[in-house]
Amino acid sequence: MRIVLGVGGGIAAYKVASLLRLFTEAGHDVTVIPTEAATRFVGVATWEALSGHPVSNSVFDAVHTVNHVRLGHEAELIVVAPATADLLARAATGQADDLLTNTLLMAGDCPVLMAPAMHTEMWQHPATEANVETLRSRGVTVLEPASGRLTGADSGPGRLPEPEAIFSAAMALAGASVATAGAPAAPSAAPAGAPAAPSAAPAAVRALTGLTVTISAGGTREPLDPVRFLGNRSSGKQGVALAAAALEAGARVRLLAAHMEVPAPAGVEVVQVETALELRKAALHAAADSDVVIMAAAVADFRPADVSGTKIKKRDDVADPVINLVRNPDILRELVEVRDAASRDQLIVGFAAETGDAGGDVLEYARDKLHRKACDLLVVNQVGQDLVFGEDTNSVVILSRDGSEPQEASGSKSDVAAAVIDRISAELSRAVPPA
Ligand code: CTP
């Protein structure tokens, strides 16, 4: 595959030399385009030696070959790492002041992946957030940065994801665009042009290469007034563990993040949502190009019928307020209906948090829920005051619509996530008709 590797002017540019090695060792033909600032961190000679191609950052070099037009047209994948705040801003506003930004504008339908790296304040600045949102809305895959030690004494979100994570995300993106361009990809096989990513993980768990997995996580918040909301105890830990496991299995992962107490894993695409209605919109949109949708979010079943535009005050001259609730749409059910109406090849997984009561035990309620929601798999856990919410461990039973034996999984939330992703991989490979 012909890859353009854009390198931004950040200290993390040195890590991109390893990323370049991963691409070339996997047999890809890589042209590196560093920005002027990037060459202050890593020199042109390094990029030329590692890529085996001449390197330039100016549209005025090799003018006779009209470099930016050729590179933009020929690229099958563009990866930008580190994507600095400046580079994100220039790309978002469509500037064309060097070879890299010119090439990005010439890229057409070519998948573009950007791996940001910068200080936390810059990453969380509204200007950067707006630029990232603009790029994502145009179809650019902007990865979440990793959290940890930054260049100075500071630490937080802003580290460049590890080269292996960027490599996997890039291969998944290229594979996904191959898959969506034609027939659905066979999940167990790497798509054409996408070699297996180097990973410590055994080949069997990279079964989602080339597939897009959308996962909702955390708890929705339903506003009552500008300062209050109705929420729930979900921490988002299980959804985040699922996202990490799907990423590890080679998938392109989109995380629909409601309120979470933990950060999203580096390498996933994050869509932030607040309410059930926002989650519904994001889920229906994301499902349109997803091979797997996992609804791990705790979605509020009800929302306040009226949201006060001003803070609700207690007053002695009127009665205390009564909160009227209206029902939120059942997103999982709707996803199944939309999929079935479109006869789409898609695996939909629900989660069920049950307490059991005098009317039935946890599994009885869960079987009934599976029947009502009609999803393919339902991951059931028992919840209560001290069970599951916010904890690092979990114990679940996976029920299948085809009525096969319930499967138990327990351990850390990562163990449970790995078991769920394994089960999803197994379901997908069973769904692929024999050649
Ligand atoms: N869910 C959803 N939309 C809702 C409520 C829940 O998509 N409005 C999804 C959750 O993400 C989860 C599954 O449905 O995957 C089950 O959630 P749960 O809260 O256990 O089920 P409820 O629909 O609330 O059913 P009940 O009220 O009977 O417990």
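Just follow the structure's listing: the first ligand is 1, and inside any ligand the first atom is 1. Start at 1 with the first residue, then count along the sequence. All values reported here derive from a predicted model rather than from experimental measurement. Worth knowing before you read on, the calculation uses all heavy atoms, side chains too, and leaves out hydrogens, waters and symmetry mates.
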Can you list the atoms of ligand 1 that are under 4.0 Å from a heavy atom of [X]?
X: Met295; value: 7 (O), 11 (O), 12 (C), 15 (O)
X: Gly350; value: 15 (O)
X: Pro329; value: 3 (N), 4 (C), 8 (N)
X: Arg372; value: 28 (O)
X: Ala353; value: 20 (O)

ask   = Using a heavy-atom cut-off of under 4.0 Å, does the side chain or the backbone of Lys369 touch ligand 1, or both, or neither?
value = side chain

Shortest non-hydrogen contact from Ala13 toward Val7 = CB-CG1, 3.8 Å

note = Closest non-hydrogen atoms of Pro145 and Pro157, given as atom of the first, atom of the second and distance, are CG-C, 4.5 Å

Min N/O separation [X] to ligand 1 under 3.5 Å:
X: Ala298; answer: no
X: Asn328; answer: no
X: Leu332; answer: yes
X: Ala296; answer: no
X: Val299; answer: no

Under 3.5 Å, is there a donor-acceptor pair linking the side chains of [X] and [Y]?
X: Asp86; Y: Thr84; answer: no
X: Glu222; Y: Thr220; answer: yes
X: Gln346; Y: Asp291; answer: no
X: Thr214; Y: Ser290; answer: yes

ask   = Among protein heavy atoms, which sits nearest to atom 16 (C) of ligand 1, and what does the distance come to when rounded to 0.1 Å?
value = Phe351 O, 2.7 Å

task = Tell me which protein heavy atom sits closest to atom 24 (O) of ligand 1, plus the residue, atom name and distance to 0.1 Å.
result = Asp301 OD2, 2.6 Å

query = If you round to the nearest 0.5 Å, how far is CG of Leu332 from OG of Ser216?
reply = 8.5 Å

task = Taking only Lys NZ, Arg NE, NH1 and NH2, and the carboxylate oxygens of Asp or Glu, determine whether Arg327 and Asp301 approach each other closer than 4.0 Å.
result = no

inquiry  = side chain to side chain donor-acceptor pair (under 3.5 Å) for Asp415 and Ser412? Distances and angles first, verdict last.
reply    = CA-CA 5 Å; Asp415 295 337; Ser412 68; 3.2 Å; yes

Closest to [atom] (judged by heavy-atom distance), picking from [options]:
atom: atom 11 (O) of ligand 1; options: Ala352, Ser234, Ala297, Ala283; value: Ala297
atom: atom 9 (C) of ligand 1; options: Glu354, Arg303, Lys373; value: Lys373
atom: atom 3 (N) of ligand 1; options: Val349, Val380, Ile331; value: Ile331

inquiry  = Which label fits Phe23 and His28: parallel for a plane angle under 30°, tilted from 30 to 60°, or perpendicular past 60°?
reply    = perpendicular

